[in-house]
Amino acid sequence: MARTELNGFSGHCYCGAVSYVVDAGPAEQILCHCDDCRRATGAAVAGFVSVEVKALHWTGTPAVHRSSDVAERGFCATCGTSLFYQGIGRPTIALTAGTADLDFAPVLAFFADAKPDWLDSAHSLPGET
């Protein structure tokens, strides 16, 4: 996999009820186009920063949903923000990139063949600020 060394970073849900700090160390920045990740995050593509569980420190407690036989997903029970994906028993946890206070730079895409066709044309739409 494409793991790199990241400086420590922090993140939080929309309302701030759940936050985290990640110690410096190896991480993997990925995009996932699978249907499960799109539905769980409500986004056309899900961005994740995968880190060692032992490097992650929570303030507040994420609610956890067993989303399949092999994984669970965490979210804020107050505001609903998707916070993580974790394979059961895995030593890593994939934090949703939108909650992380870092410059997200994905280096790998999972299930790229499932990417919605309209996503490429979205970058050419006129913008508003």
Side-chain angles (χ1 to χ4, degrees):
M1 293 288 174
R3 297 185 74 74
T4 58
E5 287 291 317
L6 279 186
N7 294 326
F9 64 94
S10 60
H12 59 87
C13 67
Y14 179 73
C15 74
V18 181
S19 61
Y20 58 84
V21 173
V22 176
D23 300 333
E28 187 172 42
Q29 298 181 66
I30 60 173
L31 296 175
C32 186
H33 297 281
C34 82
D35 189 56
D36 288 346
C37 285
R38 289 197 321 261
R39 289 184 188 279
T41 63
V45 59
F48 293 102
V49 182
S50 180
V51 299
E52 299 289 329
V53 172
K54 64 186 178 188
L56 175 63
H57 311 281
W58 293 104
T59 299
T61 305
V64 177
H65 167 68
R66 180 88 180 241
S67 57
S68 72
D69 291 342
V70 299
E72 59 189 18
R73 294 176 187 270
F75 60 95
C76 174
T78 302
C79 67
T81 299
S82 176
L83 293 166
F84 70 82
Y85 168 91
Q86 184 176 23
I88 303 298
R90 301 282 305 174
T92 57
I93 186 168
L95 301 166
T96 52
T99 65
D101 298 323
L102 82 155
D103 290 329
F104 183 60
V107 297
L108 185 63
F110 293 135
F111 299 99
D113 59 334
K115 180 176 68 168
D117 293 336
W118 59 264
L119 191 57
D120 289 330
S121 65
H123 300 290
S124 63
L125 295 173
E128 237 182 79
T129 57

Show every donor-acceptor pair shorter than 3.5 Å between a side-chain atom in residues 72-84 and any protein atom, with sequence neighbours excluded, or say none if there are none.
| from | atom 1 | to | atom 2 | distance (Å) |
| --- | --- | --- | --- | --- |
| Thr81 | OG1 | Tyr14 | N | 3.1 |

- Message: To check you understand the geometry: which heavy-atom pair defines the closest contact between Ile88 and Ala71, and what is its length?
- Response: CG1-N, 3.7 Å
- Message: Just verifying a value: how many Å separate Thr41 OG1 and Phe48 CZ, rounded to the nearest 0.5 Å?
- Response: 6.5 Å
- Query: Please, which pairs that meet side-chain hydrogen bond (donor to acceptor under 3.5 Å, both in side chains) have at least one residue in residues 86-95, sequence neighbours excluded?
  - Reply: none
- Message: For residues 9-20, which residue pairs pass the salt bridge (Lys or Arg N to Asp or Glu O under 4.0 Å) check, not counting sequence neighbours?
- Response: none
- Among pairs that include at least one residue of residues 53-64, which meet salt bridge (Lys or Arg N to Asp or Glu O under 4.0 Å), considering only residues two or more places apart or in two chains? none
- Item | Taking every non-hydrogen atom, the tightest pair across Ala27 and Val51 | CB-CG1, 4.0 Å
- Item | Donor-acceptor side-chain pairing of Tyr20 and Thr99 below 3.5 angstrom | yes
- Item | Residues forming a salt bridge (charged side-chain N to carboxylate O under 4.0 Å, His left out) with Glu52, sequence neighbours excluded | Arg3
- Item | salt bridge (Lys or Arg N to Asp or Glu O under 4.0 Å) pairs, two or more places apart, involving residues 6-24 | none
- Item | Side-chain donor or acceptor of Arg39 paired with backbone N/O of Gly42 under 3.5 Å | no
- Message: Set out, in order, the CA-CA distance, both residues' side-chain angles and the distance that settles side chain to side chain contact (heavy atoms under 4.5 Å, CB included) for Phe9 and Val49, then state yes or no.
- Response: CA-CA 11 Å; Phe9 64 94; Val49 182; 3.8 Å; yes
- Query: Are the side chain of Thr96 and the backbone of Gly98 linked by a donor-acceptor contact shorter than 3.5 Å?
  - Reply: no
- Are any side-chain N or O atoms of Arg38 and backbone N or O atoms of Ala46, one a donor and one an acceptor, separated by less than 3.5 Å? no
- Note on the structure: In Asp101, Thr59, Val21, the residue satisfying side-chain contact (heavy atoms from CB on, under 4.5 Å) with His12 is Asp101
- Item | Note, Leu95 side chain near Val22 side chain (heavy atom, < 4.5 Å) | yes
